[in-house]
Asks: 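Here it is, the structure, as structure tokens.
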Amino acid sequence: MYSLTYKRADSVEEARRLFQEASDAAYLAGGHTLLPTMKQRLAAHDVLVDLTRIGSMKGISVEGDRVRIGGGMTHAEVAGSSEVQRAIPSLAALAGSIGDAQVRHRGTLGGSIANDDPAADYPAAALALAATIMTDSREIAADDFFTALYETALEESEIVTGVSFAIPETAGYAKFRNPASRYPMAGVFVARHRDGSVRVAVTGAGNEGVFRWQAAESALAGDFSANALEGLSVDPDLMMGDIHGSAEYRANLVAVMARRALANLGSAEAII
Amino acid sequence: MVTVTMTVNGRQVSKEVEDRRLLVDFLREDLELTGTHVGCDTSQCGACVVHLDGKAIKSCTILAAQADGTSITTIEGLADGAELHPLQAAFKEHHGLQCGYCTPGMIMSGVDIIRRHEGQLDEDTVRHELEGNICRCTGYHNIVKAILAAAQEMHGEVRQAAE
């Protein structure tokens, strides 16, 4: 890791000021992507602004038909939250399936959303649960947030302070993990909302990152069962292909994971 | 440089370190607590697991500066003097190691697993929970046995104390 200056922020305002004062700063949340990347010298920053002690980015609350989770909440805290388990069990399931126990003790919701790794789990939940991404300056619909691989609608120094998820009528998550990295090679989050609409979000597979599988959404809105997916597939040309699996293989995984997610509705444990 | 102050194995320590100093290097190089190992250095293998405020973390993936003000427990802090921690004793009893390199991380993770599940463990749960710890000797069988045995012993003690 190259030399750097560590700064700890006690408030969102202080974090943004510290970030803007530096020439090439990065925000440090759980650090489980940023620090390994910096250790390999694939990234270098003159200043790291630590967000993990900012009290206003903690907390979980259920407000009406939405669950609001602070950006600083760790995966273990979300997975273990009785509020989340009651309101959206499949979201608790997703959080409890990220990485391993030690990673879940450090990694945060805000960090995952802001990093927008094409194989991260949370972006799938954000899209399928019609989330609103709250930042220190505005609110952004999840549909407008994830713009490309590792790219989001965030401005340079903007901070994800929390995410508000719609509480669905029912939802399920299933993924197929790369056995070495533990990241999904395809993860599908299916949710049927109270207005009858269905959202199906896919992570790990698309060559443009997380995406909504609209054909499946339409089919499931008419018949919310695996039968509705009969004959449906995603275009391999839009899937990632690498040494771990070809685009055709991932396209098949997406269809299989969608069926498994439908078989896992309401469960507080992800199918992995 | 940054001054970090934390409690390590019950003892308060304060040192000036480089901002980029990783917690694992702080423990091993600055405090000479070499029981915490570095296996992969890429957050995969779990040889570097320590407890930060009671929770298992990978000390290769956190800056020492981030741990400022916290309480750290390493493998050196588990035993009570000459008396081994029940999980250390169980690893010895069940031969839960071959080369021993992963053992400190396995034990620190095992203690965390037993704590989080309040001793209520079965083999499948232990195997799943150990996904962040890699044993290159592939000696998982006896590691799992040791964790189950210690969970039972520690849980039994809790039950006795409650009676």
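In what follows, chains are A, B, ... by sequence order, proteins preceding strands, each numbered from 1.
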Asks: Is A:Leu34 close to chain B through its backbone or its side chain, or both, or neither, when contacts mean heavy atoms under 4.5 Å?
Replies: neither

Asks: For the candidates B:Thr42, B:Leu63, B:Ile113, which exhibits the highest count of non-hydrogen atom pairs separated by less than 4.5 Å from chain A?
Replies: B:Leu63

Asks: Short question: side chain of B:Arg20, backbone of A:Met1 - any donor-acceptor pair under 3.5 Å?
Replies: yes

Asks: Is the count of non-hydrogen atoms from other residues, nucleotides or ligands lying under 6.0 Å from B:Arg127 atom CZ greater than 12?
Replies: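 Atom CZ in B:Arg127 is crowded, with more than 12 foreign heavy atoms closer than 6.0 Å.
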
Asks: Using a 4.5 angstrom heavy-atom cutoff, name the option from B:Val2, B:Ile134, B:Asp41 with the most pairs to chain A.
Replies: B:Asp41

Asks: Using only non-hydrogen atoms and a strict under-4.5 angstrom cutoff, which residues of residues 94-108 of chain A touch chain B?
Replies: A:Gly99, A:Asp100, A:Ala101, A:Gln102, A:Arg104, A:His105, A:Arg106

Asks: Would you mind telling me which of B:Met1, B:Arg116, B:Glu18 has the largest number of heavy-atom pairs within less than 4.5 Å of chain A?
Replies: B:Arg116

Asks: Would you say A:Arg182's side chain and B:Gly132's backbone share a donor-acceptor pair under 3.5 angstrom?
Replies: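 The answer is no, because no donor-acceptor pair under 3.5 Å joins these two groups.
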
Asks: Could you tell me whether B:Asp19 and A:Lys7 have a side-chain N and a carboxylate O separated by less than 4.0 Å?
Replies: no

Asks: Within a reach of under 6.0 Å around CZ of A:Arg260, are more than 12 heavy atoms found that belong to other residues, nucleotides or ligands?
Replies: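 Count not over threshold, so no.
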
Asks: Is it the side chain or the backbone of B:Asp68 that comes within 4.5 Å of chain A heavy atoms, both, or neither?
Replies: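 Both backbone and side chain.
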
Asks: Go through the steps to decide whether A:Leu35 and B:Gln66 satisfy the test side chain to side chain contact (heavy atoms under 4.5 Å, CB included), and finish with yes or no.
Replies: CA-CA 12 Å; A:Leu35 292 176; B:Gln66 289 177 275; 3.7 Å; yes

Asks: Please check if atom CD in A:Glu21 has more than 12 non-hydrogen atoms from other residues, nucleotides or ligands closer than 6.0 Å.
Replies: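 More than 12 within 6.0 Å, yes.
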
Asks: Does any backbone or side-chain atom of B:Asn133 lie under 4.5 Å from a heavy atom of chain A? Answer side chain, backbone, both or neither.
Replies: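 The side chain, not the backbone.
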
Asks: Less than 4.5 Å to any heavy atom of chain B: does that hold for the side chain of A:Ala180, its backbone, both, or neither?
Replies: backbone

Asks: Taking atom CD as the centre, does B:Glu16 end up with more than 12 heavy-atom neighbours from other residues, nucleotides or ligands that are less than 6.0 angstrom away?
Replies: yes

Asks: Any idea which of A:Met38, A:Arg53, A:Gln40 has the most non-hydrogen atom pairs under 4.5 angstrom with chain B?
Replies: A:Arg53

Asks: Evaluate whether atom CD of A:Glu269 has more than 12 neighbouring non-hydrogen atoms of other residues, nucleotides or ligands under 6.0 angstrom away.
Replies: no

Asks: Does the side chain of B:Ile62 come within less than 4.5 Å of A:His32's, by heavy atoms?
Replies: no

